[in-house]
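Okay, structure first, notes after.
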Amino acid sequence: MQETLNTSAFGKNDIRGIYPTEVNAKLFYYAAKGYAKWAKEQFQKANIVKNYNEMLFAVCMDARLHSPELKKAVIEGLSSIGANVLDLGLAPTPLGYYSEFAQIDESALNGNKINGALIITASHNPSEYNGLKMTFNKTCLIEEDIKEVKKYTEEAFNNREQQGYRSLLSGSIIEYNLIPTYIEKISNNFDKIGNGIKVVVDSANATAGVVAPDLYRELGCEVIELFSKPDGNFPNHHPNPSDEKTLDAIKKEVVEAKADFGLAFDGDSDRLGVIDSSGNKIAGDLLILIYALDLIDSLKGRGEKPVVVSEVKCSQALYDTINAKGGEAIMWKTGHSYIKSKMKEKHALLAGEMSGHLFFKDRYYGFDDAMYAGCRIIEIVAKNKKQNPNFKIEDLIDEYRKMFYAMEIRLPCPNELKKPVLKALEEKMTEELFGSKIKEIVTIDGMRLIFEDGFALIRQSNTEPVFTMGFEATTKEKCEKYYNTLVDETQKLVDSLKVSDKI
């Protein structure tokens, strides 16, 4: 039987799938070779001649049980064609990103410059998943880049040598611990702002545990640690702060310890969940609003109007408040690569998603780093506590928590019917149907109906045969009305088009 390579795990933002059926050492070996060829092509497009032995790539991994095997395959793939590797070991994804900006010992670089990073992680996914995130020239690969890497990966596999897929290693491999450099750099930028702040840190037995608690102590905080030891079995809870079920322990500890707040991290430390002093999770869009208002206030004296980018799933209050307070809020597509691209295009100083991805260009590098975002929360709370010792983080957002929300709905729909359903829905959306005036219909990512008192959203999932839907209103009754109307109309169209499709 002819040997094949399953490349179904290549997605829009990264490579990700279940180990070992969808992602495995063979795939990652050839993906590394494909990535290196793509990188070489980028140099050629910029009229730069670079051989593989002049390239250097940072490689790191998360705490999953199969990550060491996959990291080894990536390193072998790179070195087999002569590319050089800086092996960062187990480290948060943001440290992989940071490696391209860091001041690293010259002896570790052998006169080269880091050209990109390959990060073995499945982020917030369950333990049976793994994946590969890729950057080049300080930027994450976008959908079109990943398509090209997939093409070169398949070419590398099809042109493999007859004696087997592993070749003789030739590039240099140097192990390097970047964590002390990162902690020193970040803590120096914040000084001892954390004095008087008590924070609970839940690392979910993932990568944040090797960095975040020490970083926040360097800032002067009193840190209470939960699940800091990396363990790819994730024995205490799933590493995803977007899921309320994973936050029971940190909510309880924040209240019992009388902490100022809690910080919860996902599997690779690029998503942040924040728990207020009462033990309630702060919604992702309200967390973005906290950062945005602080940024607007800090730049007001210089007469600057910061641009803030976020996604279509966020509350209308986020956009309206930022615009009213002196910033410029931009709504864009869901997905961290889309957000980063729009952030770069609009020269935004801040961006974020409901999931807890937060991007700071103000005083930072513009990539999503949940540990750094935690430092900014510490700074904001400490600043307010100096003015008012009784200050609580929830004081910043209580007035914006008055809206009613429906939990995100996932309505099944075959992928081939998504576009026809959305097109038919656009034609049916009327004020009479919802009983409210429609101020605007935004179609940058699905369809978002903006009412005078809320919104209703439907968009195609990028990864599954479902629509994701969200709702917000000033009253519970209106929220239910928007919910019932859009869900019912969508389901009718899905059912009718399924029948038509069979005929």
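We're numbering straight along the sequence, starting at 1. Hydrogens, waters and symmetry mates are skipped; everything else that's a heavy atom, side chains included, is used.
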**Q.** Verdict with reasoning, Tyr319 to Met331, per side chain to side chain contact (heavy atoms under 4.5 Å, CB included)
**A.** CA-CA 8 Å; Tyr319 299 99; Met331 186 185 298; 3.6 Å; yes
Q) In terms of side-chain heavy atoms, does Ser8 have a donor or acceptor partner in Asn6 at a distance below 3.5 Å? A) yes
Q: Taking Ser79 for its side chain and Gly171 for its backbone only, find out whether a donor-acceptor pair lies under 3.5 Å.
A: no
Q | Ile142 CD1 to His336 NE2 distance, which is reported to the nearest 0.5 Å | A | 12.0 Å
Q. Is there a donor-acceptor pair under 3.5 Å between the side chain of Thr468 and the backbone N or O of Arg410?
A. no
Q.
Whether Glu148 and Lys151 form a salt bridge (side-chain N of Lys/Arg under 4.0 Å from carboxylate O of Asp/Glu) is what I want to check.
A. no
Q. Is a donor on one side and an acceptor on the other found under 3.5 Å between the side chain of His238 and the backbone of His124?
A. yes
Q.
Does this structure show an ion pair linking Glu155 with Lys37, if we count only N-O contacts that are shorter than 4.0 Å?
A. yes
Q: Salt-bridge test for Glu345 and Lys342: reply yes if a basic N is under 4.0 Å from a carboxylate O, no otherwise.
A: yes
Q) After noting the C-alpha distance and the side-chain angles of Ile183 and Glu218, does the key distance pass the side chain to side chain contact (heavy atoms under 4.5 Å, CB included) rule? A) CA-CA 8 Å; Ile183 290 178; Glu218 281 296 313; 3.9 Å; yes
Q) Does a side chain donor of either Asp369 or Tyr364 reach within less than 3.5 Å of an acceptor in the other side chain? A) yes
Q: Look only at the side chain of Asp276 and the backbone of Ile393, and say whether a donor-acceptor pair between them is shorter than 3.5 Å.
A: no
Q. Is any side-chain N of the basic residue among Lys325 and Asp297 closer than 4.0 Å to the acidic one's carboxylate O?
A. no
Q: Please determine if Lys251 and Glu244 form a salt bridge, counting it only when a charged side-chain N lies under 4.0 Å from a carboxylate O.
A: yes
Q: Scan side-chain atoms only and decide if Asn125 and Arg16 contain a donor-acceptor pair under the 3.5 Å cut-off.
A: yes
Q. Do the side-chain N and O atoms of Tyr338 and Glu311 include a donor-acceptor pair separated by under 3.5 angstrom?
A. no
Q: Write down the atom of Ile193, the atom of Cys375, and the distance for their closest heavy-atom approach.
A: CD1-O, 3.8 Å
Q.
Suppose we call two aromatic rings close when their centres sit under 6.0 Å apart. Are Phe227 and His237 close by that rule?
A. yes
Q) Can Thr7 and Glu154 be counted as having a side-chain donor-acceptor contact under 3.5 angstrom? A) yes
Q. What's the shortest heavy-atom distance between Thr139 and Lys344, and which atoms?
A. OG1-NZ, 4.1 Å
Q) For the rings on Tyr372 and Tyr182, is their centre-to-centre separation under 6.0 Å? A) no
Q.
So, taking the atom named CZ in Phe190 and the one named CZ in Arg376, what distance separates them when rounded to the nearest 0.5 Å?
A. 5.5 Å
Q. Would a distance-only check, ignoring hydrogens and angles, find a side-chain to backbone donor-acceptor pair under 3.5 Å from Tyr216 to Val200?
A. no
Q. Does Lys229 pair with Asp231 as a salt bridge, N-O distance under 4.0 Å?
A. no
Q.
Rounded at 0.5 Å granularity, tell me how far CG in Asn47 sits from NZ in Lys45.
A. 12.0 Å
Q) Are Tyr365 and Tyr98 close enough, and set up right, to give a side chain to side chain contact (heavy atoms under 4.5 Å, CB included), and what steps lead you there? A) CA-CA 8 Å; Tyr365 304 107; Tyr98 172 69; 3.8 Å; yes
Q. Without hydrogens or angle criteria, can the side chains of Glu100 and Thr135 be said to hold a donor-acceptor pair below 3.5 Å?
A. yes
**Q.** From CG (Asp87) to CG (Asn177), nearest 0.5 Å
**A.** 11.0 Å
(Q) Tell me if a side-chain donor or acceptor on Arg302 pairs with a main-chain N or O of Leu299 at a distance below 3.5 Å. (A) no
Q) Do Phe57 and Phe136 have ring centres separated by under 6.0 Å? A) no
Q) Are any of the side-chain heavy atoms of Lys340 and Asp368 separated by less than 4.5 Å? A) yes
**Q.** Main-chain N/O of Leu27 paired with Asn24 side-chain donor or acceptor, under 3.5 Å
**A.** yes
Q | Heavy-atom pair with the smallest gap, counting every atom of Ser80 and Tyr29 | A | OG-OH, 3.4 Å
Q) Is Glu379 paired with Arg363 through a side-chain N to carboxylate O contact shorter than 4.0 Å? A) yes
**Q.** Side-chain donor-acceptor pair present, Asn205, Asn236, cut-off under 3.5 Å
**A.** yes
Q: Return the minimal non-hydrogen interatomic distance between Val201 and Ala212, and the atom names on each side.
A: CG1-CB, 4.2 Å
Q) Do Lys40 and Tyr52 meet the cation-pi criteria used here (NZ or CZ under 6.0 Å from the six-membered ring centre, within 45° of the axis)? A) yes
(Q) Under a 3.5 Å distance rule, please check whether Ser67 uses its side chain to pair with a backbone N or O of Ala63 as donor and acceptor. (A) no
Q | Salt bridge flag under 4.0 Å for residues Arg459 and Asp445 | A | yes
Q) Would you call Asp285-Lys313 a salt bridge at under 4.0 Å N-O? A) no
Q.
Strictly distance-based, threshold 3.5 Å: is any side-chain N or O of Asp14 a donor or acceptor partner for the main-chain N or O of Phe10?
A. no
Q: Rounded to the nearest 0.5 Å, what's the gap from CG on Asp362 to CG on Leu349? Could you check?
A: 5.5 Å
Q: May I ask you to decide whether Lys133 forms a salt bridge with Asp268, counting only side-chain N to carboxylate O separations under 4.0 Å?
A: yes
Q: Could you check Ile288 against Leu358 for side chain to side chain contact (heavy atoms under 4.5 Å, CB included), going step by step and ending with a plain yes or no?
A: CA-CA 8 Å; Ile288 299 165; Leu358 298 152; 3.8 Å; yes
Q. Is Lys346 atom NZ crowded by more than 12 heavy atoms from other residues, nucleotides or ligands, each under 6.0 Å away?
A. no
Q | Ile377 CD1 to Leu287 CG distance, which is reported to the nearest 0.5 Å | A | 5.0 Å
Q.
I need the minimum non-hydrogen distance between Leu215 and Ser187, along with the two atoms involved.
A. CD1-N, 4.1 Å
**Q.** Ser123 and Arg271 side chains, donor-acceptor separation under 3.5 Å
**A.** no
**Q.** Leu132 vs Phe28 side-chain heavy atoms within contact, under 4.5 Å
**A.** yes
Q: Might you work through the side-chain hydrogen bond (donor to acceptor under 3.5 Å, both in side chains) test for Glu41 and Tyr152, ending with a clear yes or no?
A: CA-CA 11 Å; Glu41 188 177 81; Tyr152 291 137; 2.3 Å; yes
Q: Determine the minimum heavy-atom distance between Leu78 and Val59, stating which atoms define it.
A: CD1-CG2, 3.9 Å
Q. Relative to the ring of Tyr291, is the ring of Phe360 parallel (under 30°), tilted (30 to 60°) or perpendicular (over 60°)?
A. perpendicular
Q) Regarding Asp260 and Ser277, is there a side-chain donor-to-acceptor distance under 3.5 Å anywhere? A) no
Q | Positive for side-chain hydrogen bond (donor to acceptor under 3.5 Å, both in side chains) with Ser269, one of Asp62, Thr207, Thr121 | A | Thr207
**Q.** Asn84 and Ser172: CA distance, side-chain angles, deciding distance, side-chain hydrogen bond (donor to acceptor under 3.5 Å, both in side chains) verdict
**A.** CA-CA 5 Å; Asn84 304 298; Ser172 68; 2.9 Å; yes
Q) Under 4.0 Å between a Lys/Arg side-chain N and an Asp/Glu carboxylate O for Glu225 and Arg217? A) yes
Q.
So does Ser127 get a backbone contact from the side chain of His66, meaning a donor-acceptor N/O pair under 3.5 Å?
A. yes
